[in-house]
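What follows is a set of notes on a single structure, which appears directly below.
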Protein chains: 2
Amino acid sequence: MNNLDQLRMFLETVEQGSFSACAKKLGKVQSAVSQGIANLEIDLDVQLFDRSTRKPSLTPEGERLKPYAEAILHQVNEFQAVVDSINKEEEALVRITFDNALLMPALTKILAEFDQKFPNTSLEVNTTSSLQVANEVRLGRADIGIMLANPSFNKLVDLCFIGHLPFYAVCHAEYPLACMAKINVGDLTAHKQIALKEDRVETNQSTPLLSANLWWANDFLNIKAMIIQGLGWSYLPAHLVKQEIEAGKLCKLDLTFDHKIWSPPIDMVTEKNHSRGPAQEWLFEALKGLFD
Amino acid sequence: MNNLDQLRMFLETVEQGSFSACAKKLGKVQSAVSQGIANLEIDLDVQLFDRSTRKPSLTPEGERLKPYAEAILHQVNEFQAVVDSINKEEEALVRITFDNALLMPALTKILAEFDQKFPNTSLEVNTTSSLQVANEVRLGRADIGIMLANPSFNKLVDLCFIGHLPFYAVCHAEYPLACMAKINVGDLTAHKQIALKEDRVETNQSTPLLSANLWWANDFLNIKAMIIQGLGWSYLPAHLVKQEIEAGKLCKLDLTFDHKIWSPPIDMVTEKNHSRGPAQEWLFEALKGLFD
DNA sequence: TATTCATATCATTAAAAGTGATAGTTATTA
DNA sequence: TAATAACTATCACTTTTAATGATATGAATA
């Protein structure tokens with residue numbers, strides 16, 4: 001086997017039911033198809049079509065070979081798709097790293113759209129702490145990062161503000177604070193607050209520390225699990241607790257001093273002065289609308 | 001993409017590390033490869049090799065396309081293998097049906113060898129009762145059958161004696177008969193025998209019925225399960241109970257009247273006056289040695 | 001620096017594929 | 001049944017594509 005055009009004729013003739021219709025479809029003259037398939041049959045030493053009737057029909061051997069021919073042409077199409085992707089200068093790989101507090105439905109939706117638009121570009125998705133995000137980008141280990149904003153990085157990477165991540169102060173529905181109205185700072189001191197350990201040296205926590213009795217965790221999912229156990233209260237990303245609040249499993253605290261929802265700013269991070277291919281560019285623009 | 005030879009040159013050059021070595025390997029002159037790859041690059045509009053050094057090395061784009069090219073050629077090889085199979089007149093499918101008492105290691109070993117010898121021939125394996133086996137073959141629903149011999153079929157199909165299937169009389173190690181020496185027919189009457197329901201009208205059972213208290217089952221595996229439960233004793237194919245006897249879980253009965261092991265004859269069945277392709281022929285010959 | 005090994009290029013030749021005309025065959029229909 | 005329409009096979013011819021062999025050039029090696 002050496003000639004893909006002959007395979008195309010083979011399959012198109014099966015599809016169309018005649019050599020001349022196949023020729024029309026493939027933009028050739030009838031005799032080209034007639035000879036092409038005859039040559040294929042000679043090459044393989046296999047009779048593919050039964051020509052005793054007006055319309056050529058597959059022999060059992062042709063029937064047996066058809067799926068194999070289809071598999072070849074399928075692979076050829078995959079190959080061509082990657083060639084086209086290369087010629088559009090699409091990246092082979094885009095790497096995105098974000099704080100795992102940000103793994104929300106709106107984000108995974110964007111990734112799904114990315115898959116549709118760039119089927120030939122691989123995506124590497126990593127989560128880490130916000131502090132590490134900027135580092136990963138700066139060291140060239142990620143192309144795009146998303147993190148809780150932190151001014152100490154603005155010299156090392158390109159930052160782009162994309163919105164606020166709303167946090168709710170929550171506790172379990174059975175926890176004493178759950179049914180309490182108009183909670184003030186003093187009311188909290190007696191209760192355990194579970195807070196994110198952020199390793200920030202120079203700047204504040206992204207959410208305030210209000211209770212005297214503090215526990216720490218390095219991941220919001222850990223904190224959520226402890227809150228569900230009824231161990232205390234905490235500020236948690238709204239998207240992480242929305243379902244549980246609606247189900248009545250967790251409660252938002254009625255804090256008198258939180259005039260509006262606590263919402264730390266979120267930055268998108270890219271390497272300084274770095275050009276982007278179309279896939280990365282698309283993802284960059286899409287992520288700007290993450291909080292819309 | 002239209003030219004598989006160019007893809008072969010592409011991959012062989014990567015393999016060999018040079019155009020001239022590739023040419024030697026593919027039986028062409030160096031300039032053919034040089035031009036062939038140049039044409040491929042023009043056709044794809046993708047630079048595959050970096051020629052700045054003495055030995056051409058893959059560009060990142062070439063690296064990215066390499067596995068796709070390999071996939072195409074892999075499918076082409078599969079295609080060619082089936083073509084070769086067809087030209088050796090190998091069957092697309094061979095169907096074998098046998099009594100499920102015969103599903104023994106020696107048989108599955110033969111099937112594994114078949115897979116090695118005829119990778120492009122599908123195998124359909126069915127089990128049924130011995131009585132049905134000959135019918136399946138006669139009606140053209142199986143190519144080869146194996147069954148407990150039954151003379152009533154010798155007009156309808158071709159029969160070929162291939163050996164004896166040894167049966168052991170067994171019971172559970174805790175069953176009263178287990179430790180009894182020199183059991184005679186009278187000793188058995190008081191115990192429950194579990195026998196295969198064979199639906200034979202004209203001929204005898206393949207194993208004798210000796211107890212007055214009889215239970216029936218249509219599958220040796222069912223009988224085995226009941227024996228393991230300690231429900232009674234039975235004649236079972238040796239290969240089905242060998243392990244359990246060695247493990248001391250089941251016991252062979254010490255029958256005074258069974259001078260030698262009970263071993264009904266096994267016949268191989270094929271359609272009358274029917275020509276066989278090479279795969280079926282090989283399987284037929286291999287199965288003759290099933291009991292060696 | 002000379003040598004070796006490898007690639008690119010090119011004119012030429014060989015092979016393969018496509019074209020258009022024609023004749024023959026199989027269904028359809030008048 | 002004969003005429004017609006719709007296909008396919010074949011063939012001489014043209015066009016396109018691939019292979020060849022010779023030569024020039026450039027990179028590694030000693």
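- Distance A/Asp5 CG to C/dG18 P: 6 Å, rounded to the nearest Å.
- Interface remark: the B/Gln35 side chain does not form any donor-acceptor pair with the C/dT7 base, using a distance-only criterion of under 3.5 Å.
- Considering only the side chain of B/Pro56, C/dT7 comes nearest among C/dA17, D/dT10, C/dT7.
- Between C/dA6 and B/Ser18, no contact under 4.0 Å exists linking OP1 or OP2 to a side-chain N or O.
- Among the protein residues, A/Ser20 comes within range of the sugar-phosphate backbone only, with heavy atoms under 4.0 Å from sugar or phosphate atoms but none that close to a base.
- At whole-Å resolution of the value, CG in A/Leu4 and C1' in D/dT17 are 15 Å apart.
- To the nearest angstrom, P of D/dT17 lies 16 Å from CG of A/Asn2.
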At under 4.0 Å between heavy atoms, how does the protein contact nucleotides 21-30 of chain C? Give one character per nucleotide, 5' to 3', with B, S or -. -----BB---

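- The A/Lys28 side chain lies nearest to C/dG18 when the options are C/dT7, C/dG18, D/dC7.
- D/dT8 atom C1' lies 16 Å from atom CD of A/Gln16, rounded to whole Å.
- Closest to the B/Asn3 side chain, of the nucleotides C/dT19, D/dA18, D/dA19, is D/dA18.
- Under the 4.0 Å criterion applied to side-chain N and carboxylate O atoms, A/Glu61 and A/Arg64 are not assigned as salt-bridge partners.
- In this structure, CZ on A/Arg141 lies 9.5 Å from OG1 on A/Thr128, to the nearest 0.5 angstrom.
- Taking the charged nitrogens against the carboxylate oxygens, B/Lys117 and B/Glu113 have no contact shorter than 4.0 Å, which rules out a salt bridge.
- Going from atom OG of A/Ser122 over to atom CG of A/Leu93 covers 6.0 Å, rounded to the nearest 0.5 Å.
- Between A/Ile96 and A/Leu283, the shortest heavy-atom contact is CD1-CD2, 4.4 Å.
- Atom CD1 in B/Ile42 sits about 12 Å away from atom C1' in C/dT9, given to the nearest Å.
- Here the P atom of nucleotide D/dA19 and the CZ atom of B/Phe19 are 15 Å apart, to the nearest Å.
- Going from atom CD1 of B/Ile37 over to atom C1' of D/dT17 covers 17 Å, rounded to whole Å.
- Taken from CG in A/Asp115 to OG1 in A/Thr108, the straight-line distance is 12.5 Å, to the nearest 0.5 Å.
- Both the sub-6.0 Å distance and the 45° axial angle are satisfied by A/Arg276 relative to the ring of A/Phe284.
- With the end axes of the helix from C/dT1-D/dA30 to C/dA30-D/dT1 each set by five pairs, the angle from one to the other reads 30° at 10° resolution.
- Across every non-hydrogen atom of A/Pro56 and A/Phe49, the tightest pair is CB-CD2, 4.0 Å.
- Checked by atom type and distance alone, the side chain of B/Glu91 pairs as donor or acceptor with a backbone atom of B/Gly277 at under 3.5 Å.
- As rounded to whole Å, 11 Å separates atom C1' of D/dA19 from atom CG of B/Asn39.
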